[in-house]
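Here, residue 1 is the first one in the sequence, and each next residue gets the next number.
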Amino acid sequence: MGLPYKTKLLVFSAVMGGFLFGYDTGVMSGCLVALAGDEPTWDLEERDSRKELIVSAAIWACAVGALMAGFLNKFLGRKISMMAGAAILTVASFIMAIAPSWQILVVGRALDGIAIGFVSMTGPLYIAEQLPNDWRGPMTVCNQLLITIGILVGSIVAGIFEPISGGWRWMLGLSCVPSTIMFVLFIFMPKSARWLYFRGDIEQAKAILIELRGTEDVSKEMNEIAEDFKQTNENEKLGGKGFEVLVNMMKNKAVRRALFLGVMLQLFQQFSGINSVMYYSATILVMSGASANKAIWLSTAVSTANVTFTFIGLFGVERFGRKKLLLGSMAVMMLGLSLLGVAFIVITNSSKAMDVAGVSDCAGEIIAESCYSCVESNNKCGICEGASGSLMCLSTNVTLISDITQYCASGVTNIEKVCKTKESWLAIVGLIIYIMGFAPGMGPLPWTINSEIFPNWARDTALSLTTFTNWVCNSIISQTFLQLSNAATPSGAFFTYCAITFVGMVYFFICLPETKGISLEHTEELFESRLTFAGFKAGYEPKNKNNYLNE
């Protein structure tokens, strides 16, 4: 059975939050490259920590926004939370577009992050609560699809505006367009039927279900919500409200196990390195030997693969089930990460040797032996072709520009930060294979599964905590990638992510149950008994127990 028009519009409105999340990720990859050239007084080229702060400010703020959204969702509802996120995003986009300093840009990024924390936590929850069971999985994956489309659009916008002076301001400012559209659409969207029922407005909840299902026969679903409402009331009588819900969750074995699984899903999604790949894809490609503008457009190819392979998740989540799709996804990701690690070993070893006799120490710190060690070992160093055809490692400082005429071939006017190498295609292939694995499984499924495995009385708090985990881990990864690459080499960073992904794959193989086809009111029963091997089988029959608080 198809979905009524109003339900389709509801899904589209909710996944606009995913698009904004993706746009922010995609545009930052090119924005970092453009900022370094457009704003030389900000010293971004010499200070990786400032680049990482511009990226991570939004991500740490997302973690705070996710926690705030838990309370906002509980007391004001899903609709108001989404509208608040859209409004803050619009304000943040204007602040970023006119930022006179990198510090003000960080402030705008922080506001942007709080808003994205709101919509990233609330969007999948709103979709899951408003749709019938057999549509819940595919439509929640739609949120991830719009994230990938947002990343692609962000990459294209970055490629278009990168050659323009001050183009980064347009890259960041244009996010006000989809955020405004999202705000307007949500004016006409209904509140969550389940949220209304739990607030005591049973008749309005029923009317919304009838409108969204396109049928008067919603008695079965209303009965399931009523059963969940009864259980929640019993739990609240025993454990209280507010902060005591968290205490409730820790006492309840089933919910405690579900919460641990949900946290692990978000942790391993981020510690597999996805946002290092997406935020720094252009930087990674520059490391591998591509020019700045070419790297931005090549990162668009990575984003295109992200969109394309998300469709596998969209159509496969109900056919294959959550668990098989997740494990297959992680296996392909490990292949891509391994290839990226190997690619940078090959690129480093094949990097053209320097003319040691004419090498400059740039800042008194290094004597480069190869092009790659010159460019990567010191942010003040670059290369040029010498008169004999050999490479020279020289300072990029404009006050030492006289070195160009002394060491470089006639006609050379710039010191470059790129080592041209024939092996850079290996890094491109590694990135695309990694995204081929991530997009259909590890990308959407942590959000899908987390929106399914908690009882209604704990859902707001649990989703707030798991989303908070996602953003904290995202912050750690994005704030340490460049430093990890410098300390352990890029290949060491990617091999580290590969090892973490393997550990996650083993954990999920053992502990992840299948939630395909199970109603939201009964998924917690999957965690009642101690899990030693969850298996792949779907179609669990609920036991219809009333209360599990003191088991």
Checklist line | Backbone N/O of V263 and side chain of T466: donor-acceptor pair under 3.5 Å | finding: no
- Message: Determine whether I449 and L512 satisfy the following criterion, side-chain contact (heavy atoms from CB on, under 4.5 Å), listing intermediate values before the conclusion.
- Response: CA-CA 10 Å; I449 295 169; L512 177 65; 4.1 Å; yes
Q: Using the side-chain contact (heavy atoms from CB on, under 4.5 Å) rule, take M171 and M28 through it: C-alpha gap first, then chi angles, then the decisive distance, then the call.
A: CA-CA 8 Å; M171 298 179 200; M28 277 310 297; over 6 Å; no
Suppose we call two aromatic rings close when their centres sit under 6.0 Å apart. Are Y126 and F186 close by that rule?
yes
For P178, the side-chain contact (heavy atoms from CB on, under 4.5 Å) test, sequence neighbours excluded, returns M16, F19, L20
query: Is it true that a side-chain atom of K323 and a backbone atom of P513 form a donor plus acceptor pair closer than 3.5 Å?
result: no
- [ ] Would you indicate whether the side-chain heavy atoms of I435 and L431 approach each other to under 4.5 Å?
- [x] no
Within the distance-only criterion (no hydrogens, no angle test), does the side chain of T461 pair as donor or acceptor with the backbone N or O of A458 below 3.5 angstrom?
no
Between L445 and L325, the two heavy atoms sitting closest are CD1-CB, 3.9 Å
When every non-hydrogen atom of S451 is compared with those of P124, the smallest separation belongs to CB-O, 4.2 Å
Q. Under 3.5 Å, is there a donor-acceptor pair between the side chain of K79 and the main chain of I187?
A. yes
Tightest non-hydrogen contact, residues L89 and S179, listed as CB-CB, 3.8 Å
Salt bridge (Lys or Arg N to Asp or Glu O under 4.0 Å) pairs touching residues 112-121, sequence neighbours excluded, are R109-D112
The side-chain contact (heavy atoms from CB on, under 4.5 Å) partners of L267 (sequence neighbours excluded) come to M264, F271, T469, C473
### Query
Are any non-hydrogen side-chain atoms of K206 and I202 less than 4.5 angstrom apart?
no
- Task: Please confirm whether the backbone N or O of A99 pairs with a side-chain atom of R169, one donor and one acceptor, at under 3.5 Å?
- Result: yes
Strictly distance-based, threshold 3.5 Å: is any side-chain N or O of N450 a donor or acceptor partner for the main-chain N or O of P446? yes
field: Under 3.5 Å donor-acceptor, Q130 side chain and K191 backbone
entry: yes
Residues at least two apart in sequence or cross-chain that pass side-chain contact (heavy atoms from CB on, under 4.5 Å) with I312, listed by chain then number, are F309, P440
Q) Taking 4.0 angstrom as the limit, do E129 and R194 come out as a salt bridge? A) no
Query raised in the report: Sub-3.5 Å donor-acceptor pair from the side chain of T467 to the main-chain atoms of S464, do we have one?
Result: no
Under 6.0 Å from the CZ atom of F12, do we count more than 12 heavy atoms belonging to anything else shown? no
Legend entry - Donor-acceptor pair, side chain of R256 and main chain of M250, under 3.5 angstrom: yes
Closest heavy-atom pair, A205 versus A193, reported as atoms and distance to 0.1 Å, is CB-O, 3.3 Å
Do the non-hydrogen side-chain atoms of L261 and F508 ever get within less than 4.5 Å of each other? yes
Donor-acceptor pairs under 3.5 Å, side chain of residues 58-67 to any protein atom, not counting sequence neighbours: which ones?
unit_1 : atom_1 : unit_2 : atom_2 : d
W60    : NE1    : Q479   : OE1    : 2.8

On a heavy-atom basis, the closest approach of P444 and A439 is CD-O, 3.1 Å
The side-chain contact (heavy atoms from CB on, under 4.5 Å) partners of V107 (sequence neighbours excluded) come to none
Polar side-chain atom of E216 near backbone of I210 as donor-acceptor pair, under 3.5 Å = no
